[in-house]
Amino acid sequence: MAADLASFLGHWILPALLLVPLLGAGAVLAIGRVAAPGHALVASPLREIRVLTAITLGIEAGLATLLWLSLDPAAGGWQAVVDLPWISEWGARILMGVDPVGGLMILLTAWLMFLSVVGSWNAVTHKLRSYYVLLLVFTSGCIGVFVAIDLLLFYVMWEVVLVPLYFVIGVWGGRERVGSSFRFFVFTMGSSLVMLVAIGALWKSAGQGTFALDALVGAPGPSTTAQVWLFAGFFLAFAVKSAMWPFHTWLPDAQHEAPTTAAIALGIKVGAYGLFRFAMPLFPAAVTHETVRSVVIGLGVVGIIYGALVAMVQPDFKRLVSYAAISHAGFVLVGLFAGSVESVQGAVLVMLSSGVTNAALFLLLGILHEQRGTGMIANFGGLARVVPMFAVMLTLVSLASIGLPGTNGFVGEFLVLLGAYREFPVATFLAGLGVILAAVYFLWATQRVLFQPLAHEANRSLRDLNRREQAVMLVFAVVIVGLGVAPGGLLRHIEPSARKLVARVESRGRPSAAPVPADPVAPPVVPPVVPPVVPPAAPLAAPLALPPSASR
Amino acid sequence: MTAPVADPAFLTRALLPDLVVSGGAMLLLLYGVWGPETEGRRRGLLLGALVTIAAATCATAFTAATLPRTGVGPLATDAFRWMADVVILLGTLLTLMVMRDHAPRARWALAEPAVLVLLAAGGMMLLAAARDLILVFLGIELMSVASYVLAGIDRRNPRSAEAALKYFLLGAFSTGFLLYGIALLYGATGTTDLARIGQALAAGPSVMATAGLGLLLVGFAFKVAAVPFHLWTPDVYDGAPTPVSGFFATAVKAATFTALVRVTLVAVSPTLVPWNEAVWWLAALTMIAGNAFAIRQRNLKRMLAYSSIAHAGFLLVAVATHTPAGAAAIQFYLLAYALATIGAFAVLSAVGEAADGILHARRLEGLWQVRPGLAMAMAVFMLALLGFPLAGGIGFFAKWYVLQAALQAPVPQTALSIILVVATVVSATFYLYVVMVMFMRPRPADAEAPAPTPAMTRLVIATAVVVILVFGVYPTPLVRVARASAASSFPAGR
C-alpha cells in the first residue's frame, strides 16, 4: 500500500507541501479585495479569512498525512526526493527529501498548525488578514526546514521561519510583545549566524562543491578538533532554537506574549530535529568525543532539573508550560547523545509528544486567557465545577506532559531513560528525578487551577469548551492516549532512522575501538550493527507496546 | 596586446561610456539653464538624464562586446569594469528618479543636481576603469568635487551647507593623502601604472613605497568611510538632501571600492604584510564601530550613515581576502547593498523630514497603519541590509558571498568572519528597531498622514523590492556574472 502511494505521490508531494500554504496566503490576501461578479467588496471579511486559512491548513494536514502513510521505513535513503539546480556556482541545490523522522515532524507541524488555528478561532481580532498570512508563511517555512537536505537551503528555511513569528509576536502579542519578539529574533538569528560560519567552513573542507547533506556526510570529515568546533557552531544554533538550557531565556517570554498559535509554533522542536538530522551525522567524531558528550548530556540533565524547578515556582501557567518544554528539551538532548537506538527513538518521541502536549496546553490556556485576560494561577481555582470538560482535558494533557504511563509523554521519556541507563547511569537517575518533579509542578498547578474553592467571582461565568474546541481537543486526546498505549507502529517507523544515526555516529567516532567493517568512508546505506555498544539488536518496538508496570 | 594601448582611437573607444555620460551632462546643463524651472522642464530634465543613462548603458555594452580585454595600459577594458559601470549607472538612475520627486517638494532646482549627479557618475566610471594612479586621482576628484556641491545643493538649509563644508574640507584633506601617496609611490617605483607598480613592489617594497601605499590606503579609507576615517559621514549624510545621501552611500562607495579592489589585486602582492594588516584592522574596526555607533541612533539618516560605514567594513573583509573570489563578492555585495540603501533613502524621501529638518525614527511610527506598502518595502530593505534570507532577499547571499570568500581564501580570514557575524547580530538591533517602530508602535494621534508617495519614488521603491526579492530566491545569474567578471579580469590572482 505504502509503495503504491509513494509512487503516486512521486516527487510532487514535497513541493506541494511547501506551496499550498503560500497559495493559501495569496488567497487570504486577495479575498474580499477581488470582488466576485455580483458581490459587493467586503472590507474585512473576518469569517472568510479564517475559514480560508483553516481550509488551507486542513489540506496541508491531509497532504502531510498522505506523505506519512507513503513513507517506507525499510527504505534506507531519502524518499519523495526533489532535486533541482539552484546556485550551481557554489554547488547549492534545491535538494529535498524526507525519512520517517522528517515525515513525522511534517505531520506534527501541519496538524498542529491546523488544530491551533481551528482551536483559537477568535483569539485574534485585529489585522486578521496579515496575521493569517504570516501563519501560513510560517507553516511553509517550517516544513521547508524539515524537508531540506542541502545545507544552504536548510539555512535559508531555518532563518525564514523567524520573520513571520517575529511579526506575529510583535504585533499581536501581549503587553511585553516588543521586547519578547526582539529577543526571540536576535537570539535565534545570532546563533544561526554562527552555524552559517560553520556551514561555510564545512563546505570549504569538503571541496567547495556541494552543500548536499549526503555528500558532506560521505566526504572525509575534518579532523576531530575541527569537528568539535564546527559541531559547536551547529549546536549553538540548535540549542538556542529548541530552548535548551542555558540558551532558553527567550522562550518563556516569547511564548508568554505570543498569541496561541505562535506559542504552539514556537513549541515545535525544530532545533532538536536539526541536531538529529545535521549536527550529529555530520560530526560523528565530535559527538562521540568524551568531553563533548559529557558536556552535552550534562547540559541536558541540568536543563531537565532546572526547567522543572523553575516551572515549580512559576505563578503564571503559560510560563510553567514553557519551562516544562525546556525540561523536555533536556530529555531530547540526553536521548540523542546517549547514543543507543532506544534513546534516540525516545528523543524523537519526546520531540513529538512535547510538541503535542505543549500545543494542547497552550490552546486550553488560551481559552482561559481570552475570557479572563490573565494566565496567573492564583486568579483561578475551583474551575472543575464551572467548566468540567475543560478540567478533564487540562488534567489529561497535564498527565501526558508529566509522562504518566498510558500517555504519549511516557513512552519517549521512558525510552530515553532506558537507552541512556547503560552508559550514563548517574545522568539517567538525575533525569528520572525530573519526571518526579514534573509530576509535582503540574499536579500542583492543575490542582490550584481546577480544584480548591472557587475564590474569584469572575470565574463563575467562564464558559466550557464549545463544539469546535471539543473537536480539536478530542483529536489531541486520541493522539495522547493512542500513542501512550500503542506506540509500536510509530516506533517501528522511526527505528531505521535512529539505527542509521547511531551506526553513523559509532562508525566514524571510534575508528580504533572495534574492527570497522568494510570501507569507513562509505555512507552507511545499510547500517551494520556495530557490536560494542548496541546490544544484540533486540526487537525494540514490540515489548514497549504494552503499558509496563508503573515505575513511579 | 600592447599595440592598441597608446592608440588614440582605442582610448576613445575605451572611454566611450564615460564620454557619453559627461557629454549628456553638458547638454543637460545647457537645457537646464535655458529658462525658469517648471514642471515641464523638470520632466524634460529627467527624460534627458534617463536618455543619457540609457545611452551610457548601451555604450558600455557595445564597448564591452567589441573591445578585447588588455592586460596593460591606463584603461582597463575588462568585465570587472563593465559590471561596476552597471552598478554605478543603476545607482545614478535610481537617485535621479527619487531626486526628481524630491526637488520640487524641498524647493530646490533640479537642473544643477541632475547635472552634477551625472558628472559624478562620469568620474566614478573613470575610477572604475583606472589602471593608472593618475586616472584614479582624476576619477576621484571628478566624483568628489561634484559630491561636495551636491551635499550643499539645498543651499537655503544651513544643515545642508554645513554638510557641504565638512565634506569639502575633509574630502580635500583626504585627497591630499591620496595624492601624497601617489607621489611617493611614483618616487619609489618610477611609474603610476598599477601593474608596473606591482612588478616593482614584488621584490619587496622600500620604506618609501610602503609609506606611499599606506597614504593611498588612508585616502581610500576616507572615501569609503572606513573607521577611523569616517567622522565626516554621519554629518554629511544627515545634512545633505535625502536622495543625495543615498547617492553618496551607494554609487560613491561602489566606485571607490572598485578602484580599491583593482589597486589591491593588481599592485599589491598578497604577501605584502603591512598593507594586508592595515586592511584587516580597517575591516575589523569598521565593522565593529560602524554597527556599534548605529545602535543608539534615532535619527534615521545618521543611522543609515553608520549602516553604510558598517557595510564598508563588510566589503573590506572581501578586500582583505585578496582573491578574485573576494572581488566577485564585492561586486555582488555592491549591487545588493545599492538596491537596499537607495530603496531605504527613497522611503525616507517619501516620508519626509519633520519641520526641524531631522528625520527622527518617530516619523515612521505606525507607518504600517497608514502606508502599508511603504512600511513593507522599508522592512524588506532593512532585512536586506541585515543580510536576512528570503525576506531580505539578495542581502543574505551578498553577506554569504563575502563570508565564503573570507573562509576559502588561501589565508582563511576566520577571525574576520567571526567579527562579521557578531557585527551582523549587533546590526539586527537597529535594523529591527526601524521595523519595530513601523509595525509595532501605534500611529501617534497628532501625526499628519504622509503625503502620497510620488510616482517616480514609488517606481524606484517597487523596482528595488522586486529585484531584491527575485534575486533573493534565485541569485544564480548574478553570482555567475560576478564570478566570471572577477575571474576574467584578475587571472591568476593578479
Side-chain angles (χ1 to χ4, degrees), chain A residues 84-90 92 94 126-127 129-130 137 140-141 144 152-164 166-167 169-173 177-179 181-205 207-208 211 229 233, chain B residues 325 328 332 368-369 372 376 379-380 383 386-392 396-397 399-409 412 414 416-429 431-433 435-441 472-484 487:
Chain A
L84 298 169
W86 189 25
I87 312 173
S88 42
E89 269 68 23
W90 300 335
I94 298 190
H126 69 294
K127 304 206 189 73
R129 201 189 290 273
S130 314
V137 170
S140 177
L152 197 64
L153 181 67
F154 168 73
Y155 182 83
V156 167
M157 292 297 186
W158 173 263
E159 287 274 59
V160 154
V161 294
L162 287 185
V163 173
Y166 169 71
F167 281 107
I169 299 171
V171 176
W172 291 271
R177 62 202 160 83
V178 171
S181 62
F182 175 77
R183 267 194 299 283
F184 160 68
F185 193 99
V186 170
F187 270 52
T188 359
M189 183 194 160
S191 59
S192 310
L193 278 168
V194 179
M195 176 169 75
L196 185 65
V197 176
I199 290 179
L202 187 67
W203 170 79
K204 190 201 169 198
S205 81
Q208 317 183 354
F211 287 96
W229 282 106
Chain B
F332 191 96
W368 186 40
Q369 279 111 9
M376 279 189 253
V380 168
L383 289 174
L386 174 58
F388 201 84
L390 289 197
F396 164 69
F397 290 108
K399 205 156 254 176
W400 160 255
Y401 210 156
V402 170
L403 193 63
Q404 81 164 51
L407 287 172
Q408 76 183 146
T414 315
L416 279 185
S417 313
I418 304 280
I419 298 177
L420 186 150
V421 160
V422 173
T424 304
V425 179
V426 172
S427 76
T429 52
Y431 291 132
L432 281 188
Y433 178 80
V435 176
M436 186 276 285
V437 164
M438 291 189 301
F439 284 85
M440 299 173 197
R441 291 243 175 105
V473 176
Y474 192 66
T476 320
L478 279 181
V479 174
R480 194 166 296 155
V481 171
R483 190 158 120 146

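Keep in mind the model is a prediction, meaning the values are calculated, not measured. Chain naming here is simple, since letters A, B, ... match the order of the sequence lines and numbering starts at 1 in each.
Distance CE/B:Met440 to CH2/A:Trp172: 9.0 Å, rounded to 0.5 Å. Remark: A:Leu196 CG to B:Ser417 OG distance equals 10.0 Å, nearest 0.5 Å. From B:Gln404, atom CD reaches atom CD1 of A:Ile199 across 12.0 Å, with rounding to the nearest 0.5 Å.
Residues A:Lys127 and B:Gln369 form a side-chain contact, since some pair of their non-hydrogen atoms from C-beta on lies under 4.5 Å apart. Between B:Phe396 and A:Glu159, every side-chain heavy-atom pair lies at or beyond the 4.5 Å cut-off. At least one side-chain heavy atom of A:Met189 sits less than 4.5 Å from a side-chain heavy atom of B:Thr424.
B:Ala391 and A:Val163 make their closest contact through CB-CG2, 3.9 Å (heavy atoms, listed as atom of the first residue, atom of the second, distance). Nearest approach of B:Ala409 to A:Lys204, heavy atoms of both residues: O-NZ, 4.1 Å. Nearest heavy-atom pair across B:Pro389 and A:Val160 is O-CG2, 3.7 Å. Between A:Val197 and B:Leu407, the closest heavy-atom pair is O-CD1, 3.7 Å. Here the closest non-hydrogen pair linking A:Gly190 and B:Val425 is CA-CG2, 3.4 Å.
Only the side chain of A:Trp90 comes within less than 4.5 Å of a heavy atom of chain B; its backbone N, CA, C and O stay farther away. For B:Pro477, no part sits under 4.5 Å from any heavy atom of chain A, backbone or side chain. For chain A, the nearby parts of B:Thr429 are the backbone and the side chain; heavy atoms of each come within less than 4.5 Å. Heavy atoms of A:Ser192 lying under 4.5 Å from chain B are absent altogether. Neither the backbone nor the side chain of A:Ser191 comes within less than 4.5 Å of any heavy atom of chain B.
At least one donor-acceptor pair closer than 3.5 Å links the side chain of A:Trp86 to the backbone N or O of B:Val473.
Between chain A and the options B:Leu420, B:Leu403, B:Val421, B:Leu432, heavy-atom pairs under 4.5 Å are most frequent for B:Leu432. Taking B:Lys399, B:Arg483, B:Arg480 one by one and counting their heavy-atom pairs under 4.5 Å with chain A, the maximum is reached by B:Arg480. Chain A forms the most heavy-atom pairs under 4.5 Å with one residue out of B:Phe439, B:Trp400, B:Tyr401, B:Tyr433, and that residue is B:Trp400.
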Practice item. Take A:Phe185 and B:Leu386, measure what side chain to side chain contact (heavy atoms under 4.5 Å, CB included) needs, and give me the verdict at the end. Key: CA-CA 12 Å; A:Phe185 193 99; B:Leu386 174 58; 4.0 Å; yes
Practice item. Step by step, work out the side chain to side chain contact (heavy atoms under 4.5 Å, CB included) result for A:Leu152 and B:Phe397. Key: CA-CA 10 Å; A:Leu152 197 64; B:Phe397 290 108; 4.2 Å; yes
